[in-house]
Structure formats: C-alpha cells, structure tokens
Asker: 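Before I ask anything, let me first share the structure, which is written out below as structure tokens.
For ligands, and for the atoms within them, numbers begin at 1 and follow the listed sequence. Every heavy atom of this structure was used, including side-chain atoms; hydrogens, water molecules and symmetry mates were not. The model shown is predicted, which means the values in this text are computed figures rather than measured ones.
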Amino acid sequence: MNILGINSVYHDSAAALLVGGKLVVAVEEERFNRIKYGKLPDVDNPHQFPERAIRFCLNHAGLTARDIDHVAYSFDPKLRRKRFRAEWWPDPRLEETFLLRLGQVPGVADELLGHRLRQRFHFVPHHLAHAASAFFPSGFDGAAILTVDGIGEAAGSSLAKGAGSRIQSIETFDYPHSIGFVWEVICSYLGFSNYDASKLMGLAAYGNPEIFRRAFQSIIHVGKEDYAVDPEAIGFFSAKSSRIGTLLGPPREGTTILPRHADIAAALQEATNAAVMALVRRLKRKVPIEKLCFAGGVALNCVTNDLIRQSGDFSDVFIPSAPHDAGTAIGAAYVVHCAKQKSPPERGTSTPYLGPKFNRREILAAVKSAGLTLRRSKSPARDATNMIADGKIGAWFQGRMEFGPRALGNRSLLADPRRPDMRNILNQMVKHREDFRPFAPSVLAEHADEWFEVGAHTRSHEFMLFACPVKPELRDRIPAVLHHDGSARLQLVRRESNPRFHELISCFFARTGVPLVVNTSFNDSEPIVCTPADAIVTFRKSGIDALFMDDVCLTARA
Ligand SMILES: [Fe+2]
C-alpha cells in the first residue's frame, strides 16, 4: 500500500511517502521552489500543494500517480468547523475563504494524481498528524505525546497517548491558548518575521528575564499543570496588539537591538519553559509512561527541550528532525496507514536523511554547466579538515538531503570551532545573519560527554534539538560555538548514522584534538541548498572557500 502524506495548510509545505508502511522519502517544497517555508501562510492558499515535492516522492520510489492508494492531508476541515469560531478572526469572512480553499483540496489531489481518489482521500487532524510524526519514528512501544504549536484546527497544545498502532487524544488547549502564537506576535513586535522564533531564542541568552517577568506572567499565565494565554495579548494574526504595547512598550523599529529587546526575549523564553513544563507534568500524571514524544513548532525550542530532558520525568524523549508542520506530512500518512492496515507501520525510522541525493554524473554535469574546474579528492574528509583547520569555510554536500530545518552534515557549511573570529567570518562571508545568533557544533558522539553536559544520549540529540551546557573548563577552546549562556545546540554524530560526516570530524579531531566542527546550514538567506546546481550558485555568490560534493572539490579560485 502506497500512502502519500501532504502538508500545505499553513506553512512548511511538504510531502512524504509510505510504501508498505515504511517511510521511504520526505521532502519540503521550499527546497525545490526556493521560497522559504514553501509558501506564505495565507488563508487563501491551503489548496496550493507542494507539487514538486510530491513529484519527487513518486519518482524517488519509482511510482506513478496511479500507484498511490491513499492521500493523507494533515488538517481536518470538519474538526475545524466544530472547534473553531469565525469571530476569532479580525474579520470572520476570512474563515469562509479558508474553508472554501480547504474544500477544494481533494479535487486538487485528484487533478494532480490524474484519478479520482474519492474515499481514498483523507483529512487527518493536524495535531494527530504531529503526534504520529513523533510517535512512530520514535520506535517506542508506548509513549506520552505532547504537541505544542501555533494552531491546528483550533488547538494550540495537545496531550495524547501512543500505544502500538493507536494514538489516543487525551486533552487539548484550544485557541487562544497558543504558545506558538505568542512567539509569532513577539517576533513581529521585535521587528522580525513571524517565523523567526530561532532568532528570539538566540537573543534570549543576552537578556535578563526578570525585567519583563511580570508582563509575561500576564500574557502566559502558568499554573502547576496548565497554562492560559491572554487573548488580548495575541489577537489572531494581529501582530501589533495594543495590549503588548501597554505591557512591553513601543515595538522595535530599525535595525538596532537594545538590551530591552533581549530582556523581552529572555522573559518569553522563561514563560515558555514554565508553560511547557506545566504541560509535561500534566501529561506525566495523565499518561504515566516513561517515554515522551514531543512535536509541533515549539519543539524546535532547544532550550525548552533540554529542560524537559533534564527534568528526569521521562527516561527517554524523542523529537523528530522535523517537529514543525513539514513533519505532519509524514504523520498524516502514518495515521492513514494505521486506519487502513491491520499491521502497524514500520516504527523507529527516524533518519533525517529522507530527501534527494545526486550521483557523480549529476554532480559532474552541474560543475560542467557552471563552467568550473574541479579537482578529484582522494580523501575529501582529510582535505576538508585541512581547509577548515586553516580557517577556511568548507561546504559539505553529500547523500540524501535532510528533512527538517537543520542541516545535519549532508548540506552543511563547516568551520573551525576554535577560532574566536569564525562567527563574524561566517556571518560576513556567507550567512549574513544577526551577530547574536549562535552557531552550532557537530560533535563525535563518543567524545561528546568530555566537552558537553549531554546527559543520556537520545536519538534526537542527532537532530540538533537540545541546548547543552559546554563544560566550563573547555569553553575558551571552542568560542565559535559557545552561546552567550555557556550552552551549545549540538548535534551528536554517530558513525552508524552518517559515516562520511563522522569520518570528517574524526579527521579534524586527529589533527586538532577537538572532536567537533562548526556546522551551519548550507544557504545564504534562502532555503537550504538541494541540488548540486543550488550548491554551486550559493558557493559562487558567497565567501565559501571550498565546496565538496562527494569526492568532487571546487575551490574559490577555480
Ligand atoms: Fe502545526
């Protein structure tokens, strides 16, 4: 049975394919259409499918549109009608438009696949899709499952229980109780785009949470086992609500970041930690299982994630590489599999390397059409190491592209973590990001505990989802990956998960005695590169010193 999963309701459009219950491919549309998040989250476009991602999934699996048995879409208009009230919008007519477009979704699927799906098209509740995207890849037999995002149909947070092939919803916190929306509003208030939560996360480390603590206590009221968001403070999609202005002062204008802005980010992070921990306690009481799965956009918050892990409430915490909406394409397909098949889907498939890969012929063709001169490297790991250790920036392109927002060694820019100036160099030459944002390290799993307070290693440590303290005595040796609060959002690299990347870091360790490299996504203010041609474009327009695509090496001078 072939099940195509699709997310396109808000943002992070993506497609995924289950073949006989096995997840074989998943990819985000942004990597193909080169538009961040695939499309704008517009009420008028949930029927705008990730067409290129879908076509890629079919091609990858060697299937035609006729071979698709079921289509799963990670949003349920029926549930929306039941739970969501049109008056929550600034203009209730927006809901009509949204539902009209959702009504067109099955027809769009029929047209794209060239046949009528009828009963084989399925709307899947959004938070159920999030929950499934974490539970089945986790490999846990049973788990408590927490979803926290902006909004599903109406829910901002959901508690659920997973057992075997069944996910049972326990409880939801509906709009306005959305932590994700608070982040969107504060992002906008601080002059960033609504989806720049990772910038606020970075900025928070520079602030004092006490200054705006009381203000945030009235925005997100946290109890022992629950939380409530003040509707006046967020207002659906109204970025500059007057209540925020009253509580926090005038919004940020221009490019300057004042200490006050960092204090606001710090108080937001603190309130988020408290709210999510309250939910974790509630979930633990209602679903007394030792394993936790966590999904939804808020599960990209590596500071909160590490608090959950450190709390010791759960023996293992699993967060997928794509806990945000892209991951619901996978989750929706799993839900339909469970409904249609007696047997559970293949569980424990948690690899992030689910996207396109390119063979040597394709890489050489891209180099040739760019008119560049290449060099074959006998040992790319050693050559890349030597460049990095000499202070250069190396682009590392290999194998299947990552699914999820982090580059995990297959579409990565690598640099020397020992250099205090490397952050500035990376920012000036390639990334063009704000100076306050930290860069992350990829570290050999077998040496991680010598350098970082990792705790028990989890599978999700391989997805850069936890901010761990750097051992104080080693902090001055790796300044390029040390955040202001002494933490680093590390990726553990195991040989079994990514042998070539592991080999590279091993070479760097052998040469320098430091078992980690700076790893940032291979892009410059755009979606992460997908194809060799994308890689070459970004390489040429930026200050990257060398590009390694398998054993093909391009240097800036060539
Ligand atoms: Fe979501």
Asker: Assess His126: does it contribute an N, O or S atom lying under 2.8 Å from the Fe ion (ligand 1)?
Answerer: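 So His126 does bind the Fe ion (ligand 1) by this criterion.
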Asker: Nearest to the Fe ion (ligand 1), which N, O or S atom of Asp325 do we find?
Answerer: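 Among the N, O or S atoms of Asp325, the one closest to the Fe ion (ligand 1) is OD1.
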Asker: Could you pull out the atom name of the N/O/S atom in His130 that is nearest the Fe ion (ligand 1)?
Answerer: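 This residue's closest N, O or S atom turns out to be NE2.
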Asker: With the threshold set at 4.0 Å, does a side-chain nitrogen-carboxylate oxygen contact exist between Glu434 and Lys199?
Answerer: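 Answer for the salt bridge query: yes.
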Asker: Strictly under 6.0 Å, is that where the ring centroids of Phe32 and Phe56 end up?
Answerer: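 When the ring centroids of Phe32 and Phe56 are compared, they turn out to be within the sub-6.0 Å range.
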Asker: Between the Fe ion (ligand 1) and His324, is there an N, O or S atom separated by less than 2.8 Å?
Answerer: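 Short answer: no, not a single N, O or S atom is under the cut-off.
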Asker: Could you tell me whether Glu29 and Arg52 have a side-chain N and a carboxylate O separated by less than 4.0 Å?
Answerer: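 Between Arg52 and Glu29 there is no salt bridge, as every charged N stays at least 4.0 Å from the carboxylate O atoms.
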Asker: I need the Asn45 CG to Ser13 OG distance, nearest 0.5 Å.
Answerer: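 Reported value, rounded in 0.5 Å steps: 7.5 Å.
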Asker: Under the criterion side-chain contact (heavy atoms from CB on, under 4.5 Å), I'd like the reasoning laid out for His177 against Tyr227: C-alpha separation, chi angles, the key distance, then a yes or no.
Answerer: CA-CA 8 Å; His177 307 302; Tyr227 74 96; 3.9 Å; yes
Asker: Tell me which N, O or S atom from Asp149 is the closest to the Fe ion (ligand 1).
Answerer: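 Going through the N, O and S atoms of Asp149 one by one, OD2 ends up nearest to the Fe ion (ligand 1).
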